[in-house]
Amino acid sequence: MTTNVETRRRKLDTDKQDSPEDHDGAHQPGSCCDGVCVAHVHSEASDAHSCLLQTSSSCTPKHPQRTCSFVDEIRDENPRKTTISAENEVEAQKLANNYKFGFRKWKSHVTERPFEDRSSIVKELYSELNVIKPYSVGSLFTCGNVLYVFLFGWWIALVYVLVGLLMFLTVFGVPYAKLCWKLSCYFLWPFGKSIEKASVSVAAYSVKILQDNSNLEAEEDGKPSSPLLLPTPVGETIEEPTERPQNDHYWWRVSTYIWLLVGYPLLAVTHSVLCLISWMLVFTIPVAKMSTKTLHTILLIPPEHVHISQATETQEHESRVILCCYHAVNLYYYKYTVDGINVFAVNLLLLVIVSLVIGYVDKSNEFVSSEVKFATAVSSIIPLSYYIGMGIASISAQSNFAVGAVVNATFGSITELTFYITALVRGHHQGNKCLQEIVKAALTGTLLGCILFIPGICMIIGGLRHSEQRFNSRSAGVSSSLLFISVGGVFAPTLFSKAYGNLVCEDCTNSTGTNSSGSFTCKNCHYDLSENSYSLFHSHIQPLVYTISILLPVSYIIGLIFTLKTHSHIYDIHVGDGTGHLGASVHWSRWRALLILIVATVLMSACADLTTEHIQPILSHSSISQYFIGVTVLAMVPEIPEIVNGVQFALQNTISLSFEVGSCIAVQVCMIQIPILVLFNIFYDVGFVLIFSDLHLWASIFSVIVVNYIFMDGKSDYFQGTALVVVYLILLALYYFAPSPSGC
C-alpha cells in the first residue's frame, strides 16, 4: 500500500508542475478540490504513517489530477474518495470537525507535535540558553539588546552593586560581594558571554566572551529544567555528566548563611520582578529564562567557583555551559505555548484574577473606579473564551460526533449567554430597560461582526500572502442561505410588529405652543407592545416568537442529523498503516478539558456579573450611543479568539474555514442563543421581547445581502475583504451617531 501511495503522490507532483495555471494554489470551481481540505499538512505526509481523513465527493473532476494548494490529497482507486493527511487520529478528528455543521472551528493543535518536526525558529523559542553558537560582534548590537539595557540591564546591574556593598560590610560575605560585582557587569550586557561550569576536578566557573566562528565544546548542566522552559537542542549539542562538583565545606561556612539570609533574598525579589515583567511582555521571554536560571542555579553556587575572564583569556580546563544568551528579544515568541496554551492566554489569566479581586473586594469603588472595573471585566472574557474554545476542541477531537455536537451546542454559546442572562436579570431587578436594549445591541453586533468583519479581515490579511484565494461557492452559498433564513426568522417578529403595531410617540410639541393644531415634533417614538396592547402582542406577536424559537433549534438539530446520519460517510476517518506518530499525546484529556470548561464558565459568569454591574455609569455619563457600545465592545470582545482562528486559516490559504468561523457563530446566535433567551424569559420573566429597533433590523438584512453577493463568484481577494470591512465600519458609524434607545 505504501508503494502505491508513493507512486500516486509522485504522479500528482509531476502533474502539478505541468499545470502552471494552478501554481498559485487556485482551483476551478466544481472540481474535487471543492471538497473537504485540511489546513495543515505534515512535513512527512508522503509516508503512510499519517492519519488519513476520507471524504466523498459528489462531482466528477474536470481535472482529475489537480489538487488543492493547501492540502496534500491522495487519490484512491475509487475516484469519488479523497484522502487527506493529518499527524494523528486526534488531529484528523479535529480537522474533520472544522468542516462539520454546528462545530466551532479551531486552528491550534490539541495534541503535542513531534519536536523534531518543528522548524528551527520554533525550536529556538524553547532553547535553554546553554548552547554556544558562532556569531559576529556586530550581530549582538540589535535594537532588542539595546532596549534590554534601557529596560532591565542598568537597574539589575545597580542592584547587584548595592547587594555587593551590603555583603562586603558583613566581612564574612566578601567572596559573595566579589561575585555580585562580577555579575553586575555580566547583566549589564550579557550577550555573547557564557557562564561555564568547570569539571569536577576544577571547582571554578568562567564567563567568556565568545568570538567569531569559535568552536567551543561544552557540556550542559544536569539540573532539571523549569516546567515552563522546555529543553531544545539547537546548534551544537552539549552533554554533561549527571554528578555535580561536591564541596563538603560549603554548608559549614558562616558566609553561606549570611548570603542566604541577607544577599540572596534581595536578589531573589529582584530576579522575580525581572522574570515577571519580561514574561508578561512575551517577546522578552529570553530575559525571563536567563533570570530564572540565574536565580535557581548560579546564585546557589560557591562564589569561588565563579571566574570572569575577558575575550582574550583562555581556560585550559574542561567546562560546562550554564548560561549563554545572544538576544533579549525574539518576535516569534507569539507562537510560544505552555502545555498547548498560547503564552498570551497564559498571561491574561492574571487579568482575570485582578478583575475578580478589584470587583468583589472594592465594592464601594474607593480605590478603583467603575470604568476601570468594567474594562478589566470585559477584557477578562478574552482569555476565558480561549480556554472554552480549547476545551471544546479537545473534547470534540477525542469523542464521537454526538458528544462533540452536544459540547459545541452548550459550551459553544456559554460565553455570550452568561453575559446576556446576567444583564437581563440585573436590568429586571433594577427596573432598567436599558440593559435589555444593550443585550439586543450585542446580539445584533455579533451578527454584523460575524457576517461582515470576520470574513472581511480574513480576506484582507489572507490577501497579503495569497493574491487570490478560491473556495467552493456552492458550499458558501449554502452557508449564506442558512444564515439568511436564520436572520429572517429572528427578525420576523420585528417585521410583523412594524406592519401591524401602533406607533406611540412621547414628548410631542408644536411650533405654535398649543396642543390643538399645527405640526408636532415628537421624541421617543416606538411601537406599542405593552400589556395594554393585548390583541396584538399576546394574540399575534408572542405566539409568533414562541413558534420561531421552536423552529430555529429544530433546524439546527436537522443540520446535525444531516452530518451525523444521512451524510456521515463524508467524515469517516481512516488511520494509515505503520507506526509514525499515530500515538497522539493530547494536551488536555477529556476530563481535564471538561474541568477547565466548568471552571472557565464559572469565571465567565463572575466577569459577566461585574461587567453588567459597572456598565451603567458608562452608559449614563458617556456621550457615545449605547447602541455603539453594545454592537462593538460587548459583541466583539468575546469573539477575539475566533477572529484569530479565522485569520490563521486565511494565512494558510483555507479561506473557506475563515468564512465558516463567522458563519458558525452567527448561526448559533440565531438558532441557539436567541431561542434560549426566549425560553429563559418564559420561566423567569425578565421582560425580554424579541422586537428589535429599525437600525438593528435593516443593518442585519443589508449585511446578509452584501455577503451573499460577495460569495457568489467563489473567489476571495484583498479588494473584497476591504469592501466588507468598509461596509461594517459604515454601519458602526450609524450606530455611533444614533440616539440612545428609549429608557437609557
Side-chain angles (χ1 to χ4, degrees), residues 352 355-356 358-365 370-371 373-381 384-385 388 409-446 490 493 529-531 537 542 545-546 549 553 597-620 626-627 629-631 633-635 637-639 668-670 672-693 696 740-744:
V352 178
S355 176
L356 295 178
I358 65 176
Y360 288 106
V361 174
D362 184 23
K363 283 286 188 180
S364 58
N365 299 334
S370 294
E371 290 78 6
K373 292 180 180 179
F374 172 78
T376 55
V378 170
S379 301
S380 299
I381 296 177
L384 295 176
S385 299
I388 290 176
T410 53
F411 288 99
S413 300
I414 201 68
T415 301
E416 296 84 355
L417 286 175
T418 51
F419 169 74
Y420 299 152
I421 293 177
T422 303
L424 291 175
V425 172
R426 184 177 294 275
H428 176 68
H429 289 165
Q430 296 178 353
N432 185 3
K433 295 183 178 180
C434 184
L435 289 179
Q436 182 182 148
E437 295 299 325
I438 292 296
V439 170
K440 294 178 182 178
L443 288 168
T444 307
T446 304
V490 168
L529 299 176
S530 62
E531 298 290 337
F537 182 76
Q542 195 173 56
V545 170
Y546 293 157
S549 299
L597 279 177
I598 296 174
V599 173
T601 302
V602 174
L603 295 177
M604 183 73 71
S605 301
C607 292
D609 178 67
L610 293 175
T611 301
T612 55
E613 178 182 354
H614 298 285
I615 193 177
Q616 190 58 47
I618 297 177
L619 298 178
S620 302
Q626 284 82 353
Y627 280 139
I629 297 176
V631 298
V633 178
L634 301 179
V637 168
E639 310 302 338
Q668 285 193 341
V669 169
C670 296
I672 295 181
Q673 296 177 18
I674 291 179
I676 288 179
L677 293 179
V678 174
L679 180 64
F680 177 80
N681 187 76
I682 295 176
F683 292 97
Y684 188 86
D685 188 7
V686 292
F688 179 73
V689 180
L690 195 62
I691 303 296
F692 293 86
S693 66
H696 294 330
S740 298
S742 176
C744 294

Taking the side chain as every heavy atom from C-beta outward, state whether [X] and [Y] have any pair of such atoms under 4.5 Å apart.
X	Y	result
H428	F688	no
R426	D609	yes
L417	L677	yes
S379	V637	no
V599	L603	yes

Please report the closest heavy-atom contact between [X] and [Y], naming both atoms and the distance.
X	Y	answer
I691	P493	CD1-O, 3.5 Å
L384	S380	CG-O, 3.4 Å
Q616	N432	OE1-ND2, 2.6 Å
A442	A635	O-CB, 3.4 Å
V686	N681	N-OD1, 3.1 Å
C434	Q626	SG-CG, 4.2 Å

[X] [atom1] to [Y] [atom2] distance, which is reported to the nearest 0.5 Å:
X	Y	atom1	atom2	answer
S413	I676	OG	CD1	6.5 Å
E437	H696	CD	NE2	6.5 Å
L610	T376	CG	OG1	7.5 Å
F419	I414	CZ	CD1	14.5 Å
N365	S370	CG	OG	3.5 Å
L597	F411	CG	CZ	5.0 Å

Verdict with supporting geometry, L443 and V669, side chain to side chain contact (heavy atoms under 4.5 Å, CB included)
CA-CA 7 Å; L443 288 168; V669 169; 4.1 Å; yes
Parallel, tilted or perpendicular: which fits the ring planes of F680 and Y684, with parallel below 30° and perpendicular above 60°?
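Answer is tilted, since the angle falls between 30° and 60°.
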Quick check on side-chain contact (heavy atoms from CB on, under 4.5 Å): which of L435, T612, V439 does L424 satisfy it with?
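The option that passes is V439.
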For side chain to side chain contact (heavy atoms under 4.5 Å, CB included), just list the numbers for I421 and V425, CA-CA rounded to whole Å, side-chain angles, deciding distance to a tenth of an Å, and then say yes or no.
CA-CA 6 Å; I421 293 177; V425 172; 4.2 Å; yes
Any donor and acceptor pair, going by atom type alone, linking the side chain of Y420 with main-chain N or O of Q673 inside 3.5 Å?
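Here the side-chain-to-backbone pair does not exist.
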For E416, enumerate each residue passing the salt bridge (charged side-chain N to carboxylate O under 4.0 Å, His left out) test, keeping only those at least two apart in sequence or located in another chain.
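Once residues adjacent in sequence are excluded, the partners of E416 under the salt bridge (charged side-chain N to carboxylate O under 4.0 Å, His left out) criterion are R104.
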Between Y627 and T444, does the side chain to side chain contact (heavy atoms under 4.5 Å, CB included) criterion hold? Intermediate values first, please.
CA-CA 10 Å; Y627 280 139; T444 307; over 6 Å; no
Worked check of side chain to side chain contact (heavy atoms under 4.5 Å, CB included) between S385 and M604:
CA-CA 8 Å; S385 299; M604 183 73 71; 3.9 Å; yes
